[in-house]
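To find a chain, count down the sequence lines: A is the first, B the second, and so on, and within it residues start at 1. Note that this is a predicted model, so its numbers are computed, not measured.
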Number of protein chains: 2
Amino acid sequence: MAINNWLGVQTEVLKRIHDRTWKPGEIIPRETDLAYEFGCARVTVNRALRALADKGVLDRKRKVGTTVALYPTSKATLKIPLIRKEIEDLGKVYSYKLLKQTQSKFPKEERLPTHLSSSDNLLYIEAIHSSDGEPFVIESRYINQKVVTNLESKVFEKNSPNEWLLANVPYTHGAISFSATNCSAEKSTLLKINPSEAVFQIDRTTFDREQVITNVLLTYHKDYQLQTSL
Amino acid sequence: MAINNWLGVQTEVLKRIHDRTWKPGEIIPRETDLAYEFGCARVTVNRALRALADKGVLDRKRKVGTTVALYPTSKATLKIPLIRKEIEDLGKVYSYKLLKQTQSKFPKEERLPTHLSSSDNLLYIEAIHSSDGEPFVIESRYINQKVVTNLESKVFEKNSPNEWLLANVPYTHGAISFSATNCSAEKSTLLKINPSEAVFQIDRTTFDREQVITNVLLTYHKDYQLQTSL
DNA sequence: GAGTGGTCTAGACCACTGG
DNA sequence: CAGTGGTCTAGACCACTCG
């Protein structure tokens with residue numbers, strides 16, 4: 001009768017939330033009681049409830065107790081894959097082409113790269129990733145050479161700066177944003193779509209502590225979808 | 001000298017990855033050894049390493065050991081907030097307006113709602129959420145009345161079906177996708193933007209086990225960005 | 001078969017927070 | 001101050017997976 005593993009406890013708790021034994025906003029029994037009821041250690045219950053709290057299904061507060069979240073703040077975990085891997089996983093042939101690589105003390109682009117100051121010593125790179133020869137995504141990137149110092153002679157002719165950076169420059173944290181925009185004329189040519197067609201964009205900046213390592217703007221082909229599950 | 005809490009262990013491990021004591025792809029010492037070195041229990045090390053594996057920083061395999069991820073599969077956790085809450089958190093005044101509510105055995109929209117079959121008994125709802133009176137997002141939703149049976153007389157005049165569903169119909173899982181599209185003429189009027197302007201869309205379907213509860217398409221105002229951190 | 005991570009237990013103490 | 005979750009420990013056994 002005993003539920004003596006944390007996944008079992010989690011399932012049982014979810015069941016009770018689902019069949020409304022415990023209703024949204026209500027407080028559920030404390031860990032000790034549940035442990036007694038299930039016939040397992042408190043730590044096991046703790047593990048299960050903590051996992052559910054991480055998912056946003058439960059709210060936990062010391063002294064108060066554990067409540068069923070009123071509005072389960074849907075938390076979706078997006079995996080941001082390597083572009084190469086994403087394409088290969090679709091069973092397509094991946095290819096990469098460098099378009100531009102310039103020293104640019106001052107980003108002269110239409111966009112102003114988030115978190116970068118114009119005084120930084122920046123390397124600008126533009127490249128395109130293709131799937132079975134069809135344009136997939138344009139990578140437009142600034143690299144902060146104050147932080148990334150070992151790339152002087154490095155040329156990203158054959159390999160995406162994305163992969164090189166991931167493997168060679170560890171980061172502490174990052175900021176990322178998703179948006180839609182009307183494609184610029186220049187990029188629409190590269191992506192082989194009509195100008196001002198709607199395109200999906202990802203803007204990502206990674207940091208080493210306080211310093212920006214790199215900022216990248218990914219402009220995807222038409223109809224690109226970022227998918228995940230809840 | 002001992003590191004006797006799991007956050008401390010995590011920090012130390014991250015430090016070593018960061019300063020390349022442990023390089024990408026390399027195997028790190030086993031839990032037992034680390035526990036001995038840090039002077040703490042193995043479970044504590046386990047907790048720290050497990051958390052890092054969840055984040056995608058480490059790869060763990062039984063018998064083999066723990067390795068530093070070659071390409072840290074950036075995992076971003078998106079919080080999908082309640083629209084009302086999202087607007088209120090910006091310090092704006094939230095308002096909601098129902099536009100349409102029809103029984104529709106057959107979705108006659110341009111889009112084909114993912115995961116729904118046309119034979120289902122569907123309720124279609126269209127509504128708009130505003131921020132300080134400015135259009136924020138259009139909610140366009142199908143509800144499966146085979147599953148959600150207690151809403152006969154329910155009218156979503158004042159309240160978003162989103163909130164009602166969250167509080168009243170528990171779900172087991174969901175699928176979600178993000179994309180960009182050129183705004184339809186009809187919607188552009190509602191959002192007060194130019195036709196065919198690029199807009200950000202979220203398509204979400206929630207399930208109760210195998211059955212679809214609801215599918216919603218959210219079409220955001222121009223310039224909307226979904227942000228998160230790594 | 002053997003080595004690694006995965007988990008459980010029982011008991012203990014800590015940390016936050018509401019009254 | 002008291003009650004709740006948060007965490008740690010030491011030891012044990014299990015589960016997966018490689019050779």
Side-chain angles (χ1 to χ4, degrees), chain A residues 1-14 16-17 21-70 72-73 75 77, chain B residues 1-14 16-17 21-70 72-73 75 77:
Chain A
M1 218 55 254
I3 303 178
N4 54 352
N5 59 67
W6 74 272
L7 280 173
V9 172
Q10 195 182 61
T11 308
E12 177 62 22
V13 169
L14 280 174
R16 295 191 186 181
I17 293 173
T21 307
W22 297 331
K23 305 187 183 59
E26 270 185 24
I27 202 159
I28 75 174
R30 54 175 156 278
E31 294 187 348
T32 324
D33 292 352
L34 288 176
Y36 178 78
E37 185 196 336
F38 295 145
C40 67
R42 177 164 82 94
V43 189
T44 307
V45 174
N46 181 277
R47 172 88 188 262
L49 297 188
R50 185 160 37 83
L52 289 176
D54 282 346
K55 279 198 211 165
V57 176
L58 295 175
D59 287 329
R60 318 195 75 194
K61 224 185 292 180
R62 279 157 148 139
K63 164 87 179 174
V64 178
T66 302
T67 55
V68 180
L70 257 181
T73 313
K75 284 185 189 170
T77 358
Chain B
M1 219 54 253
I3 304 178
N4 54 352
N5 58 67
W6 75 270
L7 280 174
V9 172
Q10 194 181 62
T11 307
E12 178 61 23
V13 169
L14 280 175
R16 294 191 187 181
I17 293 173
T21 307
W22 298 330
K23 304 188 183 59
E26 269 186 23
I27 203 159
I28 75 174
R30 54 175 157 278
E31 294 187 347
T32 324
D33 292 352
L34 288 177
Y36 178 77
E37 185 195 338
F38 295 144
C40 66
R42 177 164 80 95
V43 190
T44 307
V45 175
N46 181 277
R47 171 88 189 262
L49 297 187
R50 185 159 36 84
L52 289 175
D54 282 345
K55 278 199 214 165
V57 176
L58 296 175
D59 287 329
R60 319 195 75 193
K61 225 186 290 181
R62 279 157 149 136
K63 165 85 179 175
V64 178
T66 302
T67 54
V68 179
L70 216 40
T73 312
K75 282 184 191 170
T77 355

So if I take every side-chain heavy atom of [X] and compare against [options], which nucleotide ends up nearest?
| X | options | value |
| --- | --- | --- |
| B/Lys63 | D/dT9, C/dA2, C/dC16 | C/dA2 |
| A/Val64 | D/dC8, C/dG18, D/dC16 | C/dG18 |
| B/Ala41 | C/dA10, D/dT9, C/dG6 | D/dT9 |

Nearest heavy-atom neighbours spanning [X] and [Y]:
| X | Y | answer |
| --- | --- | --- |
| A/Val9 | A/Val45 | CG1-CA, 4.3 Å |
| B/Trp6 | B/Ala51 | CZ3-CB, 3.8 Å |
| B/Leu52 | B/Val13 | CD1-CG1, 3.7 Å |

Between [atom2] of [N] and [atom1] of [X], the distance in whole Å:
| X | N | atom1 | atom2 | result |
| --- | --- | --- | --- | --- |
| A/Ile3 | C/dC8 | CD1 | C1' | 15 Å |
| B/Asn4 | D/dA10 | CG | P | 11 Å |
| A/Phe38 | C/dC8 | CZ | P | 13 Å |
| A/Glu31 | D/dG6 | CD | P | 6 Å |
| B/Leu7 | C/dA15 | CG | P | 13 Å |
| A/Asn5 | C/dG6 | CG | C1' | 11 Å |
| A/Arg60 | D/dG6 | CZ | C1' | 9 Å |
| B/Asp33 | C/dG3 | CG | P | 13 Å |

Problem - Pairwise side-chain contact, A/Glu26 with A/Thr67, heavy-atom cut-off 4.5 Å (strictly under) - result: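 A side-chain contact is absent here, since even the closest heavy-atom pair is not under 4.5 Å.
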Practice task
Decide salt bridge (Lys or Arg N to Asp or Glu O under 4.0 Å) for A/Glu37 and A/Arg16; before the verdict, give the C-alpha distance in whole Å, the side-chain angles of both, and the deciding distance to 0.1 Å.
Solution key: CA-CA 14 Å; A/Glu37 185 196 336; A/Arg16 295 191 186 181; 2.6 Å; yes
Practice task
Ignoring backbone atoms, test whether A/Thr66 places a side-chain nitrogen or oxygen under 4.0 Å from the OP1 or OP2 oxygen of D/dT4.
Solution key: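 Result: no.
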Exercise for the section: Ignoring backbone atoms, establish whether B/Arg62 has a side-chain N or O less than 4.0 Å from OP1 or OP2 of D/dA15. Expected result: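 No, B/Arg62 has no side-chain N/O under 4.0 Å of OP1/OP2 on D/dA15.
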Practice task
With a 4.0 Å heavy-atom cut-off, tell me which residues in residues 42-54 of chain A come close to DNA chain C, sorted by residue number.
Solution key: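 Correct list: A/Arg42, A/Val43, A/Thr44, A/Arg47.
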Handout entry: Test item: A/Thr11 side-chain N/O and A/Leu7 main-chain N/O as donor-acceptor pair under 3.5 Å
Key =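 Yes: the side chain of A/Thr11 pairs with the backbone of A/Leu7.
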Problem - Qualifying residue for side chain to side chain contact (heavy atoms under 4.5 Å, CB included) with A/Thr66, from A/Arg30, A/Arg60, A/Lys61 - result: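 Per the side chain to side chain contact (heavy atoms under 4.5 Å, CB included) rule, the option paired with A/Thr66 is A/Arg60, out of A/Arg30, A/Arg60, A/Lys61.
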